[in-house]
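Data first, discussion second: the structure below is written as structure tokens.
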Protein chains: 2
Amino acid sequence: MDMTTPIDAPRNCSGVSEIFSQVGEKWTMQVVVALRERPRRFNDIKRIVSGISQQMLTRTLRNLERDGMVERTVRATAPPQVDYALTELGQSLAESVRQLAEWARVHRAVIHDNRSRYDERR
Amino acid sequence: MDMTTPIDAPRNCSGVSEIFSQVGEKWTMQVVVALRERPRRFNDIKRIVSGISQQMLTRTLRNLERDGMVERTVRATAPPQVDYALTELGQSLAESVRQLAEWARVHRAVIHDNRSRYDERR
DNA sequence: CGGGATCCAGTAGGATACTG
DNA sequence: CAGTATCCTACTGGATCCCG
């Protein structure tokens, strides 16, 4: 193992950044947020997360389901009805992310301003 | 002209997920963590963030600099020496991210387990 | 030492059409 | 309604060479 790294950083950044990349995927957190209040059906989510295609919504939900963040419940009615709900794991993620989201919300304007100035100076 | 600023986002976090995607980029947070203790030089960071190419380190640092997370200081010595340091903005990001990182560290095993079971059931 | 310039592969993201 | 199936584009990540 690499014992030469002189930082007392959180151990195993590699595994953690794996989670980050999922969180950072374009639609993941918006879907999680859409489910925070209560379970919702496919097209309800699609309506809330404006701009998402049904393809991307399907993919995002599958990934979240795969990780155990979201539970999928199929009702054998006609027409078919599918509910998606956050699991406890998913809810705890949403809660942890909320703080980072708050940071982003507060600093968004400054970051955009920094970018503009950087791009102009170039 | 400001085409980049979303005017209205009722529940939507389009601007926030923009920050998330940067945080989720493969190397961004590992570089930030590498700078948390003190400023460091290019090849120091490269050594700490094992596996990163000089190309990707350059790109990542440029993006962080662009957003005002990192400050770049060039010393006109021979050989040239460049220091990278977190700004206050960068440090506050690191702090906010730490909590999400802690969440990821705690739940990583469970998530991996969920994935395995999901993939088997397929 | 600290990059920039190229080129290249893989994947995320998206548009559209079709289906049980 | 809730998806699959295709096909396509753009961007992320990386390897390599070069340069002051």
Side-chain angles (χ1 to χ4, degrees), chain A residues 13-14 17-32 34-35 39-67 70-85 115 118-119 121-122, chain B residues 4 12-14 17-32 34-35 39-67 70-85 115 118 122:
Chain A
C13 273
S14 37
S17 71
E18 196 185 333
I19 311 292
F20 280 172
S21 70
Q22 257 238 9
V23 170
E25 274 172 23
K26 186 163 184 180
W27 302 107
T28 303
M29 290 321 300
Q30 298 188 49
V31 169
V32 168
L35 292 175
R40 290 183 193 275
R41 298 176 58 181
F42 188 88
N43 280 325
D44 291 336
I45 305 172
K46 189 170 184 306
R47 227 168 294 119
I48 294 172
V49 183
S50 60
I52 194 171
S53 66
Q54 87 281 51
Q55 169 75 293
M56 288 312 298
L57 180 52
T58 299
R59 289 187 198 176
T60 303
L61 285 170
R62 285 298 163 277
N63 282 332
L64 287 170
E65 191 194 355
R66 179 170 180 257
D67 287 356
V70 159
E71 191 177 14
R72 183 171 177 268
T73 309
V74 183
R75 253 171 268 282
T77 58
Q81 178 172 344
V82 183
D83 284 334
Y84 292 93
R115 278 186 199 171
Y118 185 91
D119 293 345
R121 276 206 319 262
R122 207 185 40 88
Chain B
T4 63
N12 199 339
C13 12
S14 39
S17 72
E18 197 185 332
I19 310 290
F20 280 172
S21 70
Q22 256 238 12
V23 170
E25 274 172 22
K26 186 163 183 180
W27 302 107
T28 302
M29 290 322 299
Q30 297 189 50
V31 169
V32 168
L35 291 175
R40 291 182 192 275
R41 298 177 58 184
F42 188 87
N43 279 326
D44 291 336
I45 305 171
K46 190 169 184 306
R47 226 168 293 121
I48 293 170
V49 182
S50 59
I52 195 173
S53 67
Q54 88 283 47
Q55 170 74 296
M56 287 313 298
L57 180 52
T58 298
R59 288 189 200 176
T60 303
L61 285 169
R62 284 298 162 279
N63 282 332
L64 287 170
E65 191 193 354
R66 179 169 180 258
D67 287 356
V70 159
E71 191 177 14
R72 183 171 177 267
T73 310
V74 184
R75 252 172 268 281
T77 59
Q81 178 172 343
V82 183
D83 285 334
Y84 292 93
R115 278 186 199 172
Y118 185 91
R122 199 189 43 89

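Because the structure is a prediction, the values reported are computed rather than measured. In what follows, chains carry the letters A, B, and so on, assigned in the order in which the sequence lines appear, proteins first and then strands, with residues in each chain numbered from 1.
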Heteroatom pairs (N/O) under 3.5 angstrom, protein to nucleotides 14-18 of chain C:
from   : atom 1 : to      : atom 2 : distance (Å)
C/dG14 : OP1    : A/Lys26 : NZ     : 2.4
C/dG14 : OP2    : A/Trp27 : NE1    : 2.6
C/dG14 : O6     : A/Arg59 : NH2    : 3.0
C/dA15 : N6     : A/Gln55 : NE2    : 3.1
C/dA17 : N6     : A/Gln54 : NE2    : 3.0

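Between B/Asn63 and B/Glu25, some side-chain heavy-atom pair lies under the 4.5 Å cut-off. Residues A/Asp83 and A/Arg40 are not in side-chain contact: their nearest non-hydrogen atoms beyond the backbone lie 4.5 Å or more apart.
The residues A/Arg47 and A/Asp44 are annotated as salt-bridged, a charged nitrogen and a carboxylate oxygen being separated by less than 4.0 angstrom. Between A/Glu18 and B/Arg115 there is a salt bridge, since at least one side-chain N of the basic residue sits less than 4.0 Å from a carboxylate O of the acidic one. With salt bridges taken as basic N to acidic carboxylate O contacts below 4.0 Å, one links B/Arg66 and A/Asp119.
Rounded to 10°, the helix from C/dC1-D/dG20 to C/dG20-D/dC1 has 50° between the axis fitted to its first five pairs and the one fitted to its last five.
Rounding to whole angstrom units, CD of residue A/Gln22 and P of C/dT11 are separated by 15 Å. In this structure, A/Arg40 atom CZ and D/dC1 atom P are separated by 16 Å, rounded to whole Å. The CZ-P distance, from A/Arg62 to D/dA5, rounds to 12 Å in whole Å. With rounding to whole Å, B/Asp44 atom CG is found 15 Å from C/dG3 atom C1'. Distance CD (B/Glu25) to C1' (D/dG13): 10 Å, rounded to an integer number of Å. Between B/Phe42 atom CZ and C/dC1 atom C1' the separation is 9 Å, expressed in whole Å.
For the OP1/OP2 pair of D/dC1 and a distance below 4.0 Å, the side-chain nitrogens and oxygens of A/Tyr84 include no atom meeting the criterion. Checking the phosphate oxygens (OP1, OP2) of D/dA2, a side-chain nitrogen or oxygen of A/Arg41 falls inside 4.0 Å.
Using a distance-only test at 3.5 Å, with no hydrogens or angles considered, a donor-acceptor pair links the side chain of A/Thr28 to the main chain of A/Gln22.
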